[in-house]
Amino acid sequence: MVRWEGHEIGVISTLVGCVGILQGAMPKGWAKSFVHRQPVAAMSCFLFGVGLVLPVTVIPMRRALGFPTNQYDAEYPGTKYPKFEALE
């Protein structure tokens with residue numbers, strides 16, 4: 001089950017808003033030109049986008065696979081905590 005909280009909606013709406021503003025303000029083919037002329041800045045923007053999308057994708061995947069998610073949602077009723085063999 002997908003559990004949407006405020007931060008996922010905030011990240012997605014920020015990305016959609018930025019892309020909408022860029023598409024409306026920049027001429028056609030601006031992205032291809034940007035990547036061609038300034039590859040380092042384009043790679044930086046790509047890594048920024050990946051960093052924004054990771055919290056939206058990794059946490060639900062960890063929940064689905066049954067991995068510990070106590071770092072992200074300790075108060076959630078179905079949270080799994082890590083098991084340490086030395087402490088048992």
Worked verdict on Gln23 versus Trp30 for side-chain contact (heavy atoms from CB on, under 4.5 Å): CA-CA 9 Å; Gln23 290 293 342; Trp30 68 270; 3.9 Å; yes
Stepwise side-chain contact (heavy atoms from CB on, under 4.5 Å) test for Leu15 and Val53: CA-CA 9 Å; Leu15 288 174; Val53 173; 3.8 Å; yes
Heavy-atom side-chain contact between Arg62 and Pro68 under 4.5 Å: yes
Same apolar cluster: Val50 and Met43, side chain cutoff 4.5 Å: yes
Single-linkage hydrophobic cluster, 4.5 Å side-chain cutoff, Val16 and Leu54 together: no
Atom pair SG (Cys45) and CD (Gln38), whose distance is rounded to the nearest 0.5 Å: 9.0 Å
Gap separating the CE atom of Met26 from the OG atom of Ser33, nearest 0.5 angstrom: 8.0 Å
Donor-acceptor contact below 3.5 Å, side chain Arg63 vs main chain Thr69: no
Short side-chain to backbone donor-acceptor contact, Ser44 and Val40, under 3.5 Å: no
